[in-house]
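Everything on this sheet refers to the single structure shown next.
Reckoned from all heavy atoms, side chains included, excluding hydrogens, waters and symmetry mates. Note that the numbering runs from 1 along the sequence shown for the chain.
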Amino acid sequence: KNLPQVGYIRKISSEGVLSMRPNLILTTSEIGPPNAVRQIKDSGVNIEIYNAPKSIDGIVELVRAISKELNMADEAQQLTQKIYSSVDSIKSISSTFKRAPRIAFFLNPSSGSFNASGSGTNADYLIRLLGGVNVFSSDFKKYQKVSKEQILKYNPDILLVATHFPNKTASIHFSGKEEFIFLKAVKSNNLIEISMPALSMGPGFASRALSILKRIN
């Protein structure tokens with residue numbers, strides 16, 4: 001939080017990046033917009049663009065690629081071991097489930113507006129990593145707004161709610177609403193609020209997923 005801000009990765013500021021006078025820029029294919037990337041490349045600064053990871057194996061591949069660039073193979077090996085250790089712990093816990101929990105993920109819900117994750121998102125991968133089933137994965141891809149009736153129809157066992165500013169958003173929009181009092185997730189107190197960085201496909205993704213899993217009742 002104390003580092004200079006040069007823009008969100010998909011809306012990067014070339015001026016902001018270049019004002020840091022970097023010798024080397026490491027990023028992923030999520031970087032944008034294209035014009036800003038082109039300006040950075042035209043500046044002559046060495047920039048390495050890696051494939052954005054979509055899974056644990058992709059994260060490990062990125063760690064190893066960057067470690068090769070920075071000549072830090074030993075550190076990468078240690079980090080990789082930590083990642084896979086968290087995955088093993090997740091598998092150990094999820095193997096005790098009598099059945100795969102049915103999970104719904106919502107992004108920044110607001111009054112009467114529920115933006116749910118379908119398939120092909122980091123949230124969908126997170127749900128599968130936890131050993132769960134995304135209730136909306138067969139309905140649509142990416143994110144889409146769903147109605148209260150759809151939520152009640154699927155009646156998920158667990159609700160994951162991500163927000164930029166965690167402040168009991170889950171309880172405000174779900175457990176605090178009369179229409180949701182009989183929802184399985186509400187009755188079992190499985191409303192789990194997470195911060196947006198928890199979805200970031202980086203070295204801490206597996207450990208954050210493990211922390212989320214440990215909060216499930």
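- The structure places CD of E48 at 10.0 Å from CG of L70, a figure rounded to the nearest 0.5 Å.
- The shortest heavy-atom contact between N108 and T163 is OD1-CA, 3.0 Å.
- Residue G132 comes nearest to I103 through the heavy atom pair CA-CD1, 4.0 Å, listed as atom of the first residue, atom of the second, then distance.
- Separation of atoms CD1 (I49) and CD1 (I25) is listed at 9.0 Å; rounding is to 0.5 Å.
- By the 6.0 Å contact criterion, CG on N51 is open, its count of non-hydrogen atoms from other residues, nucleotides or ligands being 12 or less.
- You'll find the side chain of T80 reaches within 4.5 Å of the side chain of R64, heavy atoms only.
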Exercise for the section: Evaluate side chain to side chain contact (heavy atoms under 4.5 Å, CB included) for D42 paired with R38, printing each intermediate quantity in order. Expected result: CA-CA 6 Å; D42 290 345; R38 186 163 51 251; 3.7 Å; yes

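- Scanning both residues, A52 and S29, for their nearest heavy atoms gives N-OG, 3.0 Å.
- Side-chain N or O atoms of S200 include none that pairs as donor or acceptor with a backbone N or O of P197 at under 3.5 Å.
- Residue-environment remark: CD (Q39) exceeds the threshold of 12 foreign heavy atoms within 6.0 Å.
- Here the two rings, on F136 and Y143, have centers that are 6.0 Å apart or farther.
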Problem - Worked verdict on I151 versus F106 for side chain to side chain contact (heavy atoms under 4.5 Å, CB included) - result: CA-CA 11 Å; I151 298 171; F106 296 98; 3.7 Å; yes

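- A donor-acceptor pair under 3.5 Å is absent between the side-chain atoms of S92 and the main chain of S89, judged by distance alone.
- Of all the heavy atoms in V87 and A206, the pair that sits closest is CG2-CB, 4.1 Å.
- Other residues, nucleotides and ligands place no more than 12 heavy atoms under 6.0 Å from the CG atom of N71.
- Screening residues 114-134 for side chain to side chain donor-acceptor pair (under 3.5 Å) gives S117-T121, D124-R128, D124-N134 as the qualifying pairs, with residues at least two apart or on separate chains.
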Handout entry: Worked verdict on N190 versus S188 for side chain to side chain donor-acceptor pair (under 3.5 Å)
Key = CA-CA 5 Å; N190 272 317; S188 62; 3.1 Å; yes

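- Between L107 atom CG and K142 atom NZ the span is 13.0 Å, to the nearest 0.5 Å.
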Practice task
Given ring pair (Phe, Tyr, Trp, His ring centres under 6.0 Å), test F174 with F114 step by step and report yes or no.
Solution key: CA-CA 10 Å; F174 293 101; F114 304 97; 5.4 Å; yes

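- N46 places no side-chain N or O within 3.5 Å of a backbone atom of L24 that could act as its donor or acceptor partner.
- Among all heavy-atom pairs drawn from P53 and G58, the shortest one is CB-C, 3.4 Å.
- If you chain together hydrophobic residues whose side chains sit under 4.5 Å apart, L199 and I192 fall into the same group.
- In terms of heavy atoms, K145 sits closest to Q150 at O-OE1, 4.5 Å.
- The number of heavy atoms from other shown groups lying within 6.0 Å of CD (Q5) does not exceed 12.
- With values rounded to the nearest 0.5 angstrom, I194 atom CD1 is found 6.0 Å from L126 atom CG.
- A donor-acceptor distance shorter than 3.5 angstrom exists from the side chain of N155 to the backbone of K184, with no hydrogens or angles considered.
- No side-chain donor-acceptor contact under 3.5 Å links S113 to the backbone of P109.
- Rounding to the nearest 0.5 angstrom, the gap separating the CD1 atom in I93 from the CG atom in L130 is 9.5 Å.
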